[in-house]
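Only one structure is covered here, and it is reproduced in the block below.
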Protein chains: 2
Amino acid sequence: MVSEALTPERILEATEEVLRRYGPSKATVVDVARALGVSHGSVYRHFRTKAALREAVTQRWLDRTSELLAPLTTERGPAEERLDRWLKTLFEAKRRKAGDDPELFATYTVLTGDMSAVVDGHIDDLVGQLARIIEDGRREGVFVSESIGFPSEAARAVFHATGRFHDPAYAAEWSRPGIEDDFASVRELVLRGLRA
Amino acid sequence: MVSEALTPERILEATEEVLRRYGPSKATVVDVARALGVSHGSVYRHFRTKAALREAVTQRWLDRTSELLAPLTTERGPAEERLDRWLKTLFEAKRRKAGDDPELFATYTVLTGDMSAVVDGHIDDLVGQLARIIEDGRREGVFVSESIGFPSEAARAVFHATGRFHDPAYAAEWSRPGIEDDFASVRELVLRGLRA
DNA sequence: CGGATGACAGATATTGAAATCTGTCATCCG
DNA sequence: CGGATGACAGATTTCAATATCTGTCATCCG
């Protein structure tokens, strides 16, 4: 055979490339097939619909962020510091994605807008990571244990309170001057709120 | 004369009505003039451009919220309680607007998207109100005075941390179950963060 | 036989000609 | 004379015809 076997992974790679080039409204399944040198029928063998293909490629994109952050939840060290670093790393990763490849970032922002289920799952992942760090902090005694419910509730609160610094809806603000100070203030406020 | 004199206020009233009916993309200056029974040239006597008309009507809409909240900043009583009430009142007002007249709310959400200057001014208004309450709290000794800078910085942090519960970008989430609990968690986190 | 193909029907998007809108201004009216 | 009008030019939007795309499936090929 002249090329590698047609796998879901290769299709997703090509899909991302086509999305980057044409954007979410003009990228078609035919384009993806053309990029791979196959007929569009072959793509439909691996993904039932165009929507399923888009979901898979979006999932993959979101998972890359989860995987980047996962190590920070199992590290040793003071929970407070790890939480702060987790938040900074998330913001830095998002901002880099938005800044380095604005077309692709805008594309995925549009795609996620049509996929609340995928996004909710991703948020659950991230909130779960936060909850683990907060739980460590409670065990260490540095984070409060009454007053704010389960770690998962506190984690949701932290995630929502810092939304401005990771939610794509705010991407335009991430390059404004003063955003670093704003982020530092919110982190300070949130960490103070968690402290015992 | 068969009708009242043509004033900016009457034009803004008609503009809002036309926006409600036709939405931001289809509402035209001609429609506004028609609603008032005048020629569109007369509208241009009071507003230099369509953009200026839209800015004015949006400003008016945002100001209604500022005016609703202003009384809470001058009331007497514990600052902590007033801050909590201010946040709840803001959320309740936004949610009511979004729920009672979704068309108009969606319309204004689109309009504000093209008017960062007007929006920034509105945010400055609201942050200023928050700063006044926080300053009262510091004077009372219930809010922390070091560690988070000026009241205006703390106020910005509080405003951003609660964005999910007043930013129109999140309007779709305001009717989800559990939003009340999420809001209560974030308020608790933020208030704990401010406490001395 | 398992996987790839491309013709096809119905749904969606593109295009360019016609209609409407924005903003100006000479003219009109009370 | 101050304010309202509507004709007008250029910009923008609409609409319907045309082209492309999605998803299926009978057929083909190694």
Side-chain angles (χ1 to χ4, degrees), chain A residues 1-59 103 106-107 109-111 113-115 117-118, chain B residues 1-59 103 106-108 110-111 113-115 117-118:
Chain A
M1 69 187 61
V2 70
S3 65
E4 292 299 306
L6 190 60
T7 61
E9 182 55 28
R10 282 190 63 221
I11 294 173
L12 291 178
E13 199 60 57
T15 302
E16 186 166 286
E17 183 51 32
V18 166
L19 280 168
R20 191 200 319 279
R21 257 226 274 291
Y22 301 112
S25 62
K26 292 210 261 179
T28 71
V29 176
V30 172
D31 290 329
V32 173
R34 200 179 0 252
L36 289 163
V38 300
S39 75
H40 73 282
S42 298
V43 173
Y44 279 101
R45 175 163 304 279
H46 296 272
F47 295 94
R48 261 209 319 278
T49 64
K50 182 186 187 181
L53 176 58
R54 290 181 160 209
E55 263 189 31
V57 79
T58 303
Q59 182 79 254
E103 321 278 314
T107 290
T109 301
V110 170
L111 290 184
D114 299 331
M115 293 179 200
V118 172
Chain B
M1 70 186 65
V2 69
S3 64
E4 291 298 305
L6 190 59
T7 61
E9 182 55 29
R10 281 191 63 220
I11 293 173
L12 291 177
E13 198 60 58
T15 301
E16 186 166 286
E17 183 52 30
V18 166
L19 280 168
R20 192 201 316 277
R21 257 226 275 289
Y22 300 112
S25 62
K26 292 211 263 178
T28 72
V29 176
V30 171
D31 289 329
V32 173
R34 203 184 352 258
L36 289 162
V38 301
S39 75
H40 72 282
S42 299
V43 173
Y44 278 100
R45 173 161 305 279
H46 296 271
F47 295 93
R48 261 208 322 274
T49 63
K50 183 186 185 181
L53 175 58
R54 289 181 161 208
E55 262 188 32
V57 78
T58 303
Q59 182 81 252
E103 322 277 316
T107 290
Y108 277 119
V110 170
L111 290 184
D114 300 331
M115 294 179 198
V118 171

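Just so it is clear: chains get the letters A, B, ... in the order the sequence lines come, proteins before strands, and each one is counted from 1.
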I need the CD1-P distance between B/Ile11 and D/dG3, as an integer number of Å. 13 Å

Heavy-atom pair with the smallest gap, counting every atom of B/Thr49 and B/Tyr44: CA-CE2, 4.0 Å

Given atom CG of B/Leu6 and atom C1' of D/dT5, what is their separation to the nearest angstrom? 13 Å

Measuring from the side chain of B/Val30 (C-beta onward, heavy atoms only), which nucleotide among D/dT22, C/dC21, C/dG23 has the closest atom? C/dC21

Checking all strands, does B/Ser25 fall into the base, sugar-phosphate, or nothing category for heavy-atom contacts under 4.0 angstrom? nothing

Going by purine N1 to pyrimidine N3 plus the second Watson-Crick contact, or the G-U wobble pair, all under 3.5 Å, which nucleotide sits opposite C/dA11? D/dT20

Now, which nucleotide makes the Watson-Crick or G-U wobble pair with D/dC28, with each of the two distances under 3.5 Å? C/dG3

Closest-nucleotide ordering on DNA chain D, the 5'-leading residue of A/Lys26 and A/Arg45: A/Lys26

Gap between atoms NZ and P, on A/Lys50 and C/dA11 respectively (whole Å): 16 Å

A/His40 NE2 to C/dC8 C1', straight-line distance once rounded to whole Å: 10 Å

A/Arg34 CZ to D/dC21 C1': how many Å, rounded? 11 Å

A/Tyr44, nearest nucleotide to its side chain (from D/dG23, D/dA4, D/dT5): D/dG23

Taken to the nearest whole Å, CG/B/Asp31 to C1'/D/dT12 is 15 Å

Please classify the nucleic acid contact of A/Thr28 as base, sugar-phosphate, or nothing, using heavy-atom distances under 4.0 Å. sugar-phosphate

Whole angstroms only, please: what is the CZ-P distance between A/Phe47 and D/dT24? 15 Å

Examine the side chains of B/Glu17 and B/Tyr22 and answer whether a donor and an acceptor come within less than 3.5 Å of each other. no

If I compare all heavy atoms of B/Glu103 with all of B/Arg20, which pair ends up nearest, and what's the gap? CB-O, 4.3 Å

For a quick test of reading the model: is some side-chain N or O of B/Ser39 closer than 4.0 Å to OP1 or OP2 of D/dA4? no

Separation of A/Gln59 CD from A/Arg54 CZ (nearest 0.5 Å): 16.0 Å

Taking NE2 from A/His46 and P from D/dG23, how many angstroms apart are they, rounded to a whole number? 16 Å

In this structure, NZ of A/Lys26 is separated from CG of A/Leu19 (nearest 0.5 Å) by 13.5 Å

